[in-house]
Amino acid sequence: MAEVLLFHHACGLTAGVREFAATLEAAGHTVHAPDLYDGHVFDNLPDGVAYAEKAGFGTFAERGRAAALDLPAGLVYVGFSLGVMSAQSLAQTRGGGRGARC
């Protein structure tokens with residue numbers, strides 16, 4: 001089974017993203033799903049994107065890198081929407097990744 005680092009979309013770590021993580025865990029995978037929005041969740045895409053723009057997209061890229069620091073090599077990186085930035089960046093720059101789904 002894989003160890004997965006899952007990055008949420010522009011609306012935050014929503015119930016849907018948590019359910020997806022739970023589905024992967026039920027299949028036997030280990031899933032890490034950091035909250036890059038510090039608890040903020042949005043009901044619609046424009047509000048979520050506005051939050052990301054206000055904080056700066058670089059902020060979330062850095063939070064994504066930080067989320068991987070204490071995790072082992074050999075991760076599978078998964079990103080939805082805004083989370084693709086972190087998943088793609090880590091897959092390309094952090095050694096040992098087993099895969100990416102962006």
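The shown structure was predicted, so the numbers you read here are calculated from the model rather than taken from an experiment.
- Every residue two or more places apart in sequence or in another chain that forms a side chain to side chain contact (heavy atoms under 4.5 Å, CB included) with Ala61 is listed here: Arg65.
- Listed by chain and residue number, Leu6, Leu24, Phe80 satisfy the side chain to side chain contact (heavy atoms under 4.5 Å, CB included) test with Phe20 (two or more places apart in sequence, or in another chain).
- Through ILVMFWY side-chain contacts below 4.5 Å, Met1 is grouped with nothing and stands alone.
- When all heavy atoms of Leu90 and Gly64 are compared, the pair lying nearest together is CD1-O, 3.7 Å.
- Using modelled atom types, one side-chain atom of Arg94 and one backbone atom of Ala68 make a donor-acceptor pair closer than 3.5 Å.
- Applying the side-chain hydrogen bond (donor to acceptor under 3.5 Å, both in side chains) rule to Arg18 yields no partners; only residues at least two apart in sequence or on another chain are considered.
- The salt bridge (Lys or Arg N to Asp or Glu O under 4.0 Å) search around Asp38 returns Arg63, not counting sequence neighbours.
- Between Ser86 and Leu36 the shortest heavy-atom distance is OG-CD1, 4.2 Å.
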Requested in this report: May I have the step-by-step check of ring pair (Phe, Tyr, Trp, His ring centres under 6.0 Å) for Phe7 and Tyr77, ending in yes or no?
Outcome: CA-CA 8 Å; Phe7 294 103; Tyr77 301 101; 7.4 Å; no

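- Residues passing the side-chain hydrogen bond (donor to acceptor under 3.5 Å, both in side chains) test with Asp43, sequence neighbours excluded: none.
- Taking every heavy atom of both residues into account, Ala33 and Leu13 meet most closely at O-CD2, 3.6 Å.
- In the displayed structure, Asn44 atom CG is contacted under 6.0 Å by more than 12 heavy atoms of other residues, nucleotides or ligands.
- Residues that satisfy the side-chain hydrogen bond (donor to acceptor under 3.5 Å, both in side chains) test with His32, not counting sequence neighbours, are Glu3.
- Across all their heavy atoms, Leu82 and Ala52 have their closest contact at CD2-CB, 4.2 Å.
- Listed by chain and number, the residues in a side-chain hydrogen bond (donor to acceptor under 3.5 Å, both in side chains) with Thr14 are His9 (sequence neighbours excluded).
- Rounding to the nearest 0.5 Å gives a distance of 8.0 Å between CZ of Phe60 and CE of Met85.
- Neither side chain, Tyr37 nor His8, offers a donor N or O lying under 3.5 Å from an acceptor on the other.
- Residue pairs meeting the salt bridge (charged side-chain N to carboxylate O under 4.0 Å, His left out) criterion with at least one partner in residues 45-60, sequence neighbours excluded, are absent.
- Clustering of Ile, Leu, Val, Met, Phe, Trp and Tyr by side-chain heavy atoms under 4.5 Å joins Val49 with Leu45.
- Every residue was checked against the side chain to side chain contact (heavy atoms under 4.5 Å, CB included) condition with Ala73, not counting sequence neighbours, and none meets it.
- Residue pairs meeting the salt bridge (charged side-chain N to carboxylate O under 4.0 Å, His left out) criterion with at least one partner in residues 19-36, sequence neighbours excluded, do not occur; the list is empty.
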